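Worth saying up front: this structure is predicted, and the values here are computed from it rather than measured. Ligands are counted one by one from 1 in listed order, and the atoms in each one are counted from 1 as well.
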Amino acid sequence: MKTICVLGLGYIGLPTAAMFATHGFQVVGVDVNESVLATLNSGDIHIHEPGLKELVHQALVSKNLRVSGQTEQAEVFIIAVPTPFKEGRDNGGAPEQGDNIADVDYKRADMSFVISATESIVPHIKPNDLIVLESTSPPRTTVDQVKPILERSGLIAGKDFFLAYSPERVLPGKILQELVQNARVIGGIDAKSAEAGRELYSAFVKGDIVLTDATTAEMVKLMENTSRDVNIALANEFSQLGDRFGVDMWGAIEIANLHPRVDILRPGPGVGGHCISVDPWFLVEAAPDLTPLIRTARQVNDSQPMYVMELIRRTLGDPRGRRIALLGLTYKSDVDDLRESPSITIANLLVQAGADIVAYEPFNPNAKFDHFRVVSRLEVALSEADALILLVAHKKFRSIKPSLASRFMSGRIVVDIVNILNHKEWKQAGFDIIKLGAK
Ligand code: SAJ
């Protein structure tokens with residue numbers, strides 16, 4: 001039986017560890033965060049992801065999965081720690097209060113977790129071990145950063161041990177399904193390392209396993225998320241054009257998408273999450289002279305919350321002193337993840353403009369923020385509100401009825417940024433309802 005040490009028990013590491021443990025491997029999952037370990041040891045999990053709690057439970061009960069605060073000896077090491085970013089201005093300074101997001105010029109990858117996880121493997125590495133980096137990383141990280149650290153062990157990559165990069169490509173909300181069904185890219189520092197990776201992941205991956213070199217695999221991951229970011233930026237720019245020219249952009253996009261070679265995405269409040277709003281910067285940082293389009297797309301998406309603010313001001317007037325029910329704080333629909341959420345940016349901008357915000361987030365009812373309240377019931381958020389602003393397309397928001405809003409709200413203004421309400425019904429009930437991307 002193969003032993004695996006998974007470093008990092010977050011959105012990717014935990015499902016991956018549980019998946020291997022339920023496919024016959026002996027797995028130790030390592031995390032530096034004590035509270036994550038305590039939660040897992042108490043039988044709970046710290047992430048909302050369909051089916052994950054059951055899978056982790058099954059893995060722990062079988063004793064094929066254990067958790068630990070320290071890296072341990074194994075035949076396979078999988079690095080799945082986060083790669084956060086550092087924000088900076090062109091002059092290298094940190095962002096300052098009052099900065100417009102669009103003026104904060106770039107973000108840089110913070111590789112410190114990848115480096116410390118790699119360093120923690122060095123004392124344990126033995127001949128024939130396989131090390132796989134899964135964390136999203138700038139091009140050449142595996143060969144230029146990870147390999148030299150591992151070789152401090154005195155062993156040589158490719159000769160004494162195997163080393164590969166295999167990006168996670170799963171969609172939050174569908175992680176367990178996509179871990180198994182998606183095509184898996186494995187980039188080895190040589191052909192034997194890629195082959196060793198194939199042998200490992202074929203334990204549970206049903207999608208194609210494609211072998212390539214490590215730097216290509218790193219680029220593939222960054223290209224996928226960058227392509228999505230650029231396409232969302234285009235949809236967001238279209239939403240602003242729709243507004244200027246009196247065109248309902250949602251309808252226009254639907255018609256344009258009937259063309260066999262056109263597939264425009266959905267406009268929204270901006271791009272959040274820890275992947276698409278971050279990864280394109282890794283390419284900009286690595287080659288600023290070659291990436292003007294990628295950088296502009298990032299800036300378009302990062303400034304979309306400011307555009308939403310403009311729309312709110314146009315509808316509501318000066319937000320100062322107005323009570324606003326803000327629905328949805330997560331970075332996208334039907335997940336609990338608040339990272340880089342454009343809704344939170346919008347809530348903060350409204351607070352800065354003097355509005356009294358009461359937010360409702362069904363997937364994260366206990367979230368805490370310094371400058372606005374989060375309540376655990378929709379009715380409480382709506383109570384006495386002058387306006388309702390809907391920012392996330394959660395399925396359960398689609399069925400909110402104007403009759404409920406009429407009962408609790410004092411005003412009759414609704415701003416539906418994600419276009420999920422039945423506008424005809426709300427208008428008939430006496431609401432002044434507007435959406436993004438339409439006059
Ligand atoms: N969004 C829009 N309009 C759209 C689609 C998305 O505004 O039409 C917004 C969402 O609301 C959200 C953001 O974009 O704020 C990102 O959401 P997403 O569902 O596009 O992607 P993520 O960040 O949840 O997951 C992505 C996926 N990558 C691609 O689809 C190319 C996933 O497969 C990756 O594994 C993941 O990034 C990752 O971890 O890198």
Check the angle between the aromatic planes of Tyr360 and Phe397 and answer parallel, tilted or perpendicular using the 30° and 60° thresholds.
tilted
So the ring-ring contact (aromatic ring centres under 6.0 Å, His included) pairs with at least one residue in residues 225-270 (sequence neighbours excluded) are none
Please confirm whether Lys221 makes a cation-pi placement over Tyr165, using NZ or CZ under 6.0 Å from the six-membered ring centre and within 45° of the ring normal.
no
His48, NE2 atom: more than 12 neighbouring heavy atoms under 6.0 Å
yes
I'd like the residue list for ligand 1, meaning every protein residue with a non-hydrogen atom under 4.0 Å from the ligand.
Glu168, Arg169, Val170, Leu171, Pro172, Lys221, Glu224, Asn225, Arg228, Ile232, Leu265, Arg266, Gly270, Val271, Gly272, Cys275, Ile276, Asp279, Tyr331, Lys332
Are the aromatic rings of His23 and Phe20 close, with centres under 6.0 Å apart?
no
Going by an N to O cut-off under 4.0 Å, is there a salt bridge joining Glu218 and Arg140?
no
